[in-house]
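Below is one structure, written out as structure tokens, with a few remarks after it.
Quantities reported herein were computed from a predicted structural model and do not represent experimental measurements.
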Amino acid sequence: MQIISDAWVADGRMPSIKELSVTMSVNNRTVLKAFEEMQAENVIYQKRGLGYFVSPDAKNNINRIKREEFFATTLPEFIREMKTAGVTAKDIEPYL
């Protein structure tokens, strides 16, 4: 959320793992795991000895990930719920 809201800007240094773990009241390992996942998705990158930085294309990468998750998980569940409730595509048109 910090990247999407521009609290952390492209090529800007992120708080350290220790800083974030204290701020969020979680284990260092939890933050490290999240950093590793974001790095694997090219949302952040590491400069050895300097810390982690926001990738220039981080927002686009986050939106791509959210879109993929939406089509893989949220939309199929929504469609199942629609079918169960007898709601048609025509019924939801006014809400789009």
Q | Co-membership, hydrophobic cluster, residues Leu20 and Ile4, 4.5 Å side-chain | A | yes

(Q) On a heavy-atom basis, which atom in Lys59 and which in Ile3 lie closest, and how many Å separate them? (A) CE-O, 3.4 Å

Q. With side chains defined as the heavy atoms from C-beta onward, is the minimum distance between Tyr52 and Gln39 less than 4.5 Å?
A. yes

Q | Check against side-chain contact (heavy atoms from CB on, under 4.5 Å), Glu41 and Asn61 | A | CA-CA 7 Å; Glu41 294 288 353; Asn61 290 335; 5.7 Å; no

Q | Nearest heavy atoms of Lys90 and Pro94, plus distance in Å | A | O-CD, 3.7 Å

**Q.** Nearest-0.5 Å distance that lies between atom CG in Asp57 and atom CD1 in Ile62
**A.** 10.0 Å

(Q) Measuring from atom NZ of Lys66 to atom OG1 of Thr74, what distance do you get when rounded to the nearest 0.5 angstrom? (A) 11.0 Å

Q) Distance from Glu68 atom CD to Thr73 atom OG1, nearest 0.5 Å? A) 10.5 Å

Q: Could you pull out the closest heavy-atom pair between Ala10 and Pro56, with the gap in Å?
A: CB-CA, 3.8 Å

Q) Under 4.0 Å between a Lys/Arg side-chain N and an Asp/Glu carboxylate O for Arg80 and Glu77? A) yes

Q | ILVMFWY network linking Ile44 to Trp8, side-chain heavy atoms under 4.5 angstrom | A | yes

**Q.** Nearest heavy-atom neighbours spanning Phe35 and Pro15
**A.** CZ-O, 3.8 Å

Q: Spell out, yes or no, whether Ile65 and Phe71 are grouped together once hydrophobic residues are joined by side-chain heavy atoms under 4.5 Å, including indirect joins.
A: no

Q: Assess whether atom CE of Met24 is packed by more than 12 heavy atoms of other residues, nucleotides or ligands within 6.0 Å.
A: no

Q: Would you check if Met14 and Val54 make a side-chain contact, meaning some heavy-atom pair closer than 4.5 Å?
A: yes

Q) Atom OG of Ser55 and atom CG of Asn60: how far apart are they, to the nearest 0.5 Å? A) 11.0 Å

Q) CG/Leu32 to NZ/Lys18 distance, rounded to the nearest 0.5 angstrom? A) 14.0 Å

Q.
Working to the nearest 0.5 angstrom, can you tell me the gap between Ile17 CD1 and Lys33 NZ?
A. 14.0 Å

Q) Is there a donor-acceptor pair under 3.5 Å between the side chain of Arg13 and the backbone N or O of Gly51? A) no

Q. Any chain of hydrophobic side-chain contacts (each under 4.5 Å) joining Val31 to Tyr45?
A. no

**Q.** Exercise: identify the closest heavy-atom pair between Ile92 and Phe78
**A.** CD1-CE2, 4.2 Å

